[in-house]
Amino acid sequence: MTEQTFASIWGLSYSDFEFLNRFGAKSQVMVACQLLYFRLHGRFLVGHSDLDPDVIAYVADQIGVVDDLTYSFSSDTARRQRTGILNFLGFRRASDQDRAKLQAWMIDHLGGRDLNLADWVERGYTRAIQMGVFVPSEKIMERLVRAARRDFREGYLIRAASRLSAETVTQLECALSDPLAITGFQRLKDDVGAATLDSVLLAAQKVSFVEALDLPLDLLGDVERGWVMRIARQVEGETASEMRRHTPERRLGLLAVYLMHRLSQLIDGLIDLLLEVVHRLGTRSRRKVIQGIAADIGAVHGKERLLVEIAMAALDHPEGRIEDVIFPIAGAAKLRAVIDEHRAKGTLDTRIQQTMRSSYASHYRRMLPPLLTALKFRSNNTMWRPILTALDQIVRFAAAGRRVVPEDSIPSGLIPAKWRNAVMGESGRVNVIALELCVLTQLRERIRAKEIWVDGADRYCNPDDDLPGDFAERRDAYYADLRLPQDSKSFVERVKADLEQELFLLNSTLPDNDKVRLRWGGENRISVTPLTPAPEPPGLAALKAEVARAWPMTGLLDVLKETALDTGFLNSFQTSASREALPPALRDQRLLLCLYGLGTNAGLKRVAAGSLEVSYDELLHIRRRYIDPASLKAACAQVANATLAIRNPEIWGTPGTTCAGDSTKFGAWDRNLMTERHARYGGRGVMIYWHVERQATCVYSQLKRCSSSEVAAMIEGVLRHCTDMEIQRQYVDSHGQSAVGFAFCHLLGFELAPRLKAIARQKLALPSTGMRAQLPNLLPILSGVVDWDEIERQYDEMVKYAAAMQHGTADPEVILRRFARSDVMHPTYKALAELGRAIKTIFLCRYLRSEAFRQEIHEGLNVVENWNSANSFVFFGKGGEIATNRVRDQETAAHALHLLQSSLVYMNTRMVQSVLRNPDVVARLSPEDYRGLSPLIYLHINTYGRFEVDLEKRIDFEPMAA
């Protein structure tokens with residue numbers, strides 16, 4: 001808040017001073033504060049703590065008196081003063097009629113918006129100010145808000161139920177009466193499952209069923225997505241029997257709204273299955289063919305021995321004649337037989353296509369008719385319309401039972417060159433089965449790049465919907481949010497100037513830099529001396545021992561409980577039901593047990609078995625009604641903010657603006673689309689991507705597939721974290737960077753600082769051709785000139801995509817997938833790649849020039865790696881494997897681990913600061929100790945419980961005998 005804004009809000013007018021003169025000097029400050037606070041918020045202060053001390057001091061300074069700290073807000077005098085304020089401002093006490101009008105206004109203007117209870121209350125008071133009425137109690141306002149929320153919700157559900165046809169009502173009731181049927185209530189809530197033919201057929205049947213219900217989808221346009229998701233969360237948490245207990249209108253309305261929301265998820269799941277099935281069909285066929293080739297080389301007529309003998313003879317007699325050197329080993333007849341055998345088997349691509357066709361025709365082909373019936377493909381690019389035409393023709397060919405068709409019956413240019421031999425027979429006719437497979441492989445690539453999209457999908461929707469629809473009208477605002485100049489030339493000149501400056505600096509300092517050496521020849525032209533590992537400061541071990549002595553064997557559940565009581569993060573968990581019957585204390589106790597069971601992976605059954613006060617069913621009720629990924633994210637942000645707030649700068653240093661991102665692999669059940677085999681780590685599992693600042697506070701986490709882009713995960717964490725931290729520099733490893741990633745990070749206003757594994761092969765881009773001669777010390781690693789003209793031409797489009805990321809109209813991964821490496825012809829991709837080359841070169845110059853900068857990056861990544869190492873300590877249950885196939889439950893487990901580990905960091909921060917109040921402990925610490933200090937320690941933590949042996953206590957077997 002600027003000084004001018006602060007003064008306009010808390011400044012007193014001449015009429016205010018005249019009013020304050022009616023009161024004694026002792027109470028004038030608080031009366032003035034009450035007056036200004038009511039004018040701003042529509043309600044009065046409850047106590048001194050409701051107002052910032054700086055505000056009170058500012059008001060007191062205007063009046064010229066000192067605030068009376070003994071002022072009583074509940075006295076009769078204070079009540080009379082509040083009445084005087086109301087009269088002075090022209091407000092009256094709200095009557096029943098005023099309250100009814102206020103409630104009706106909230107239904108009309110706030111109903112269906114994604115607002116929490118506090119937002120409704122705040123807007124209710126704002127409306128009361130406009131009406132000139134005073135609602136005397138916040139509890140009264142909350143009752144009005146709850147009534148308005150309930151009335152709007154019930155009215156919306158009744159309106160949805162009234163739009164359903166009699167046939168639709170019958171089908172919905174059948175889904176509830178037989179929840180385990182293929183289109184039953186429970187099966188409609190299930191994930192699509194693994195990428196198998198049965199999963200595709202079942203998912204297509206679900207999509208067709210929901211689409212045939214003819215639900216009033218236009219009603220979703222009347223409410224915000226977040227509000228609909230709350231309805232969906234309630235239905236997700238209820239069983240079929242619980243749904244049947246509602247009144248018919250409410251039951252049908254809930255189920256209809258849920259299915260309208262669920263339809264896009266079902267379509268996305270079906271598309272995911274299609275993409276994964278086609279991908280696996282290709283990879284498995286390729287693996288099978290390569291294995292067959294390897295077996296043939298070793299088994300058929302000793303071809304491997306023959307090849308070795310020919311190679312040795314050729315090397316021994318490089319200038320000899322073939323008939324003198326090769327033919328004695330293998331005659332012309334034998335060599336001709338090898339050639340004929342190779343031609344019979346065909347090229348590698350042809351053999352892979354033949355294997356794919358065999359597998360597809362005998363098994364997977366059955367998925368195509370229901371899939372094309374359920375999904376409606378669209379494209380905004382005329383280049384890919386032939387694929388859509390071919391899909392329609394394939395349906396007609398299948399209906400007619402055609403196995404081959406003339407070439408002129410399919411769109412021209414449809415078949416790529418590598419597929420032509422497989423699709424076109426010797427007679428020149430098109431094989432329909434091979435055509436289907438060819439079209440499906442192309443369809444997969446175009447869907448992933450969003451060149452082809454699907455009606456009704458969410459992630460695979462119209463790509464135009466990913467970009468801000470009002471960009472042309474609000475262009476100035478979008479550029480201002482990104483802090484970018486609107487003139488492309490000024491933007492380019494600024495980047496170009498930075499690039500020139502960094503290149504000149506590196507060129508001038510490199511001769512004196514004994515840590516970096518450049519070499520001519522070969523791929524590895526840069527040699528950087530590795531950093532020397534620093535030993536652990538000796539004082540840290542003593543500090544950890546002091547913490548363990550003060551709080552020995554602290555229970556992890558106690559850590560979670562204390563953090564909850566300190567930060568109030570349990571308020572983030574709200575019931576998905578329409579009302580709450582559990583006493584708050586009992587609810588919070590069960591919530592903590594659930595969070596502990598999920599965050600440690602011990603499970604709710606194991607936690608319930610260890611408690612005499614709660615059953616598994618009671619914990620399961622809390623799990624279904626209160627805990628979801630969104631609530632866990634809010635709780636994690638609350639703990640992170642609390643940790644940042646309690647830190648003592650003298651111990652931990654000033655708050656930074658840097659963060660490190662890295663992923664960790666967790667084993668997981670694999671009958672779902674999230675779990676994949678990891679290419680680097682091996683084994684099947686999922687990835688959790690963490691964003692951890694330099695003092696081990698995790699500000700964001702996300703569950704990702706093993707093959708998903710770490711660049712997109714990095715950008716999402718910087719943009720979506722809900723903490724008070726402002727990230728200006730992001731550390732990542734080699735997998736978290738790319739040229740396009742550098743470009744987007746620069747456009748979004750933060751610096752990407754990777755630890756490059758392949759630093760030896762990096763190249764520096766040039767700002768202009770003539771500058772090469774001015775950089776003699778960098779000649780071995782200089783590459784081409786940046787295409788500044790392309791950046792200028794596509795500048796507005798690049799900013800549009802960056803604005804889409806910043807404002808959340810599309811996920812970073814969706815946008816980055818559109819600029820895949822194979823899509824090199826996209827002009828915006830070219831511009832982003834060129835801008836990324838320039839920004840990456842600026843970073844490389846700093847990285848090579850400054851050892852301190854390299855050390856800073858390494859230290860930042862060491863913090864997130866330390867966080868990763870603690871995962872196995874906290875997430876100890878079931879061998880650290882996420883034992884569920886439901887993707888939502890996998891995400892819940894990841895965020896519960898985040899919450900539990902963040903609570904550990906919060907409590908350790910308090911413990912370390914408490915220990916360091918002891919001057920003797922402080923005296924033993926050196927500056928190196930403070931530099932290596934981390935709150936992520938767990939030597940004093942007991943994750944399982946207490947281990948006590950009482951030799952006097954025996955197990956009583958008498959109750960069992962009785």
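We're numbering straight along the sequence, starting at 1.
Side-chain atoms of S708 and E813, non-hydrogen and from C-beta on, do get closer than 4.5 Å to each other. The closest side-chain heavy-atom distance from T239 to F185 is not below 4.5 Å. Side chains of L117 and R146 form a contact here, defined as non-hydrogen atoms less than 4.5 Å apart. Side-chain atoms of L467 and Y801, non-hydrogen and from C-beta on, do get closer than 4.5 Å to each other. Put simply, the side chain of F44 does not reach to within 4.5 Å of the side chain of E138, judged on heavy atoms. Taking 4.5 Å as the limit, some side-chain heavy atom of R39 sits within range of a side-chain heavy atom of L89. Side chains of C461 and D466 form a contact here, defined as non-hydrogen atoms less than 4.5 Å apart. Residues M106 and R123 have side chains not in contact (no heavy-atom distance under 4.5 Å, counting atoms from C-beta outward).
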Report task. Just do the salt bridge (Lys or Arg N to Asp or Glu O under 4.0 Å) check on D114 and R230 with the steps written out, would you? Result -> CA-CA 9 Å; D114 185 20; R230 295 183 188 182; 3.3 Å; yes
The test is side chain to side chain contact (heavy atoms under 4.5 Å, CB included); show your working for L591 and Y626 and say whether it passes.
CA-CA 8 Å; L591 258 175; Y626 287 86; 4.0 Å; yes
Verdict with reasoning, R251 to E242, per salt bridge (Lys or Arg N to Asp or Glu O under 4.0 Å)
CA-CA 10 Å; R251 175 173 68 242; E242 290 171 334; over 6 Å; no
Exercise for review: Before giving the answer on side chain to side chain contact (heavy atoms under 4.5 Å, CB included), spell out for L40 and W10 the whole-Å C-alpha distance, their side-chain angles and the decisive distance to 0.1 Å.
Suggested key: CA-CA 9 Å; L40 181 64; W10 301 109; 4.1 Å; yes
- Item | N885 vs N672, side chain to side chain donor-acceptor pair (under 3.5 Å): CA-CA, chis, key distance, verdict | CA-CA 6 Å; N885 277 315; N672 60 84; 3.0 Å; yes
**Item:** From CA spacing to verdict: salt bridge (Lys or Arg N to Asp or Glu O under 4.0 Å), D98, R92
**Value:** CA-CA 10 Å; D98 293 326; R92 68 177 188 279; 2.8 Å; yes
Step by step, would you call Q574 with S631 a side chain to side chain donor-acceptor pair (under 3.5 Å)?
-> CA-CA 8 Å; Q574 302 294 325; S631 301; over 6 Å; no
Under the side chain to side chain donor-acceptor pair (under 3.5 Å) rule, what do D151 and Q103 come out as? Steps first, then yes or no, please. CA-CA 10 Å; D151 290 349; Q103 182 176 327; 3.0 Å; yes
Exercise for the section: Would you sort out whether D811 and I815 count as a side chain to side chain contact (heavy atoms under 4.5 Å, CB included), showing the intermediate values? Expected result: CA-CA 7 Å; D811 291 333; I815 292 177; over 6 Å; no
Exercise for the section: Give the intermediate values and the outcome of side chain to side chain contact (heavy atoms under 4.5 Å, CB included) for residues L213 and Q171. Expected result: CA-CA 8 Å; L213 292 175; Q171 290 178 310; 3.0 Å; yes
* **salt bridge (Lys or Arg N to Asp or Glu O under 4.0 Å) between R262 and D268, intermediate numbers included** => CA-CA 10 Å; R262 178 71 174 148; D268 282 346; over 6 Å; no
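At distances below 3.5 Å, not a single donor-acceptor pair connects side-chain atoms of K206 with backbone N or O atoms of L270. Between the side chain of D178 and the backbone N or O of C174 there is no donor-acceptor pair closer than 3.5 Å. Side chain of R82 to backbone of F73: a donor-acceptor contact under 3.5 angstrom is found. Judged purely by atom type and a 3.5 angstrom limit, T643 uses its side chain to pair as donor or acceptor with the backbone of V639. Judged by distance alone, the side chain of S162 and the main-chain N or O of R159 form a donor-acceptor pair under 3.5 Å. Listed for the E249 side chain is no donor-acceptor partner under 3.5 Å among the backbone atoms of L157. In this structure, the side chain of T170 engages the main chain of A166 through a donor-acceptor pair within 3.5 Å. Using modelled atom types, no side-chain atom of E122 and backbone atom of D119 make a donor-acceptor pair closer than 3.5 Å. Between the side chain of Q34 and the backbone N or O of L45, at least one donor-acceptor pair lies under 3.5 Å.
With rounding to the nearest 0.5 angstrom, the CD1 atom of I627 is 13.0 Å from the NE2 atom of H895. Here the CD1-CZ distance, from I129 to F91, works out to 5.5 Å after rounding to the nearest 0.5 Å. To the nearest 0.5 Å, atom CD of residue Q589 and atom CG of residue L582 are 10.5 Å apart.
Both tests hold for R149 against W120: distance to the six-membered ring centre under 6.0 Å, angle to the ring axis within 45°.
By the 4.0 Å N-to-carboxylate-O rule, E891 lies too far from K704 to be salt-bridged with it. For E236 and R886, the salt-bridge test passes: some basic side-chain N is under 4.0 Å from an acidic carboxylate O. A salt bridge links D889 and R623; the closest N-O separation between the charged side-chain nitrogens and carboxylate oxygens is under 4.0 Å. Ion pairing of R163 with D218 is present here, as a side-chain N (NZ or NE/NH1/NH2) and a carboxylate O approach within less than 4.0 Å. Between E580 and R625 no salt bridge is recorded (no basic side-chain N to carboxylate O distance below 4.0 Å). One finds a salt bridge joining R459 and D272 here, because a Lys/Arg side-chain nitrogen approaches an Asp/Glu carboxylate oxygen to under 4.0 Å. Salt bridge present: D458 and R225 bring a charged side-chain N and a carboxylate O closer than 4.0 Å. Ion pair E173/R244 not flagged as a salt bridge, since none of the NZ, NE, NH1 or NH2 atoms sits closer than 4.0 Å to an Asp/Glu carboxylate oxygen.
Across L673 and G193, no two heavy atoms sit closer than the pair CG-O, 3.5 Å. Contact record, A181 with R187: O-CG, 2.8 Å, taken as the closest heavy-atom pair. Contact record, I182 with L202: CG2-CD1, 3.2 Å, taken as the closest heavy-atom pair. Taking both residues in full, the closest heavy atoms of Y596 and V607 are given as CD2-CG2, 4.1 Å, listed atom of the first, atom of the second, then distance. Taking each heavy atom of C698 and S902 in turn, the nearest pair found is O-OG, 4.1 Å. Summarising the geometry of L482 relative to A803, their closest heavy-atom pair is CD1-N, 4.0 Å, with the distance given to 0.1 Å.
Checked options D465, I447, N380, D464; the residue passing with W453 is N380 (criterion: side-chain contact (heavy atoms from CB on, under 4.5 Å)). When each of H898, R720, E716, H721 is tested with Y700 by the rule side-chain hydrogen bond (donor to acceptor under 3.5 Å, both in side chains), just one qualifies, namely E716.
Summarising the local packing, CE of M131 is surrounded by more than 12 heavy atoms from other residues, nucleotides or ligands at distances under 6.0 Å. Open room surrounds CD on E167; 12 or fewer heavy atoms of other groups in view lie less than 6.0 Å from it. Within a 6.0 Å radius of NZ in K189, other residues, nucleotides and ligands contribute more than 12 heavy atoms.
For residues 238-273, no residue pair satisfies the ring pair (Phe, Tyr, Trp, His ring centres under 6.0 Å) rule, not counting sequence neighbours.
With sequence neighbours left out, the ring-ring contact (aromatic ring centres under 6.0 Å, His included) criterion links Y478 to F471, H807.
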